[in-house]
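Everything on this sheet refers to the single structure shown next.
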Amino acid sequence: MADQSTPVTGYPAHSATGYPNTATAYPYVAPPPNAPQNQGSYFHVAGNRYYSDPYASQQRATFVHRFFAILIGSILITGIIIFIMWLILRPQIPQFRIETLTLSNFNISSNSLVSGDWDARFTVRNPNSKITLYYDQIEAAVFHKSDSISETTVPPFAQTTKNQTAIKATFASLTAYVDDRDSINNERSHGTINFNIRMMARVRFRAGSWWARRRILRVYCPNLSVGVSSNSNGGTLVGGSKECRVGL
């Protein structure tokens, strides 16, 4: 006969009071024998997307915050430096003025081909008190309305502070085609022909050892009325010298 004092396997043992002893009957499952002593690593599954390392996530967030803080700080410092330099130097664009424009050997044929010679003289002024200007290349063209008649180049030159320089541009055309021949003849019948000159210059700005990057300077001299009678092939600028528009 079985020993009645031995508890049946699978059932909770009874205490002296007669109630089941749950503390001994349902113990916690122990980790596997080979598991690390750190209980946290027992529940961590490597490569499982449901388990992440909070320390690594915090490091990434800190790196992103520092990166953007450095970037914003660099932009602010650069802007402050540029603003201070602008306050000190006060850079201004040069001023162009056309003094004379002479036309000779002018003719327009029945098939709308224009020939002639234009001699333009300009005064260029550097208004800056601390910046020297270097004109590396100047390209110029003479137009009638939107029709380009002739193009030329002007030799490079430099301008010190508060300097005024005279330059010359000579244009020659033999067979330039224009769309509106009747417009030229109509203007000529009234004693003048309106031309405009456009220029593009590559300019560098220098203040001491500081150099600014090269800029493209655009010059536009509109409404240049040249007196040309119907029986003459030449004339000069009407109304005296005129200011040109200048922009970067």
In short, salt bridge (charged side-chain N to carboxylate O under 4.0 Å, His left out) pairs touching residues 223-245 with sequence neighbours left out are Arg97-Glu243
Does any pair with a residue in residues 114-123 pass salt bridge (charged side-chain N to carboxylate O under 4.0 Å, His left out), and if so which ones, sequence neighbours excluded? Asp119-Arg121
Would you name the heavy atoms of [X] and [Y] that are closest together and state the gap between them?
{"X": "Thr152", "Y": "Phe171", "value": "CG2-CE2, 3.3 Å"}
{"X": "Val219", "Y": "Cys244", "value": "CG1-CB, 3.8 Å"}
{"X": "His144", "Y": "Asn194", "value": "CD2-O, 3.1 Å"}

How about CG on Asn107, more than 12 heavy atoms from neighbouring residues, nucleotides or ligands closer than 6.0 Å, or not? yes
Within 45° of the ring axis of Tyr134 and under 6.0 Å from its six-membered ring centre, is that where the NZ or CZ of Arg206 lies? no
Expected output: side-chain Asp136 to main-chain Pro156 donor-acceptor under 3.5 Å: no
Are the side chain of Asn126 and the backbone N or O of Thr160 linked by a donor-acceptor pair below 3.5 Å? yes
Geometric class of the Phe195/Phe106 ring pair [parallel <30°, tilted 30-60°, perpendicular >60°]: perpendicular
Just verifying a value: how many Å separate Leu133 CG and Leu217 CG, rounded to the nearest 0.5 Å? 8.5 Å
Is there a path of hydrophobic side-chain contacts, each under 4.5 Å between heavy atoms of I/L/V/M/F/W/Y residues, joining Tyr220 to Tyr135? no
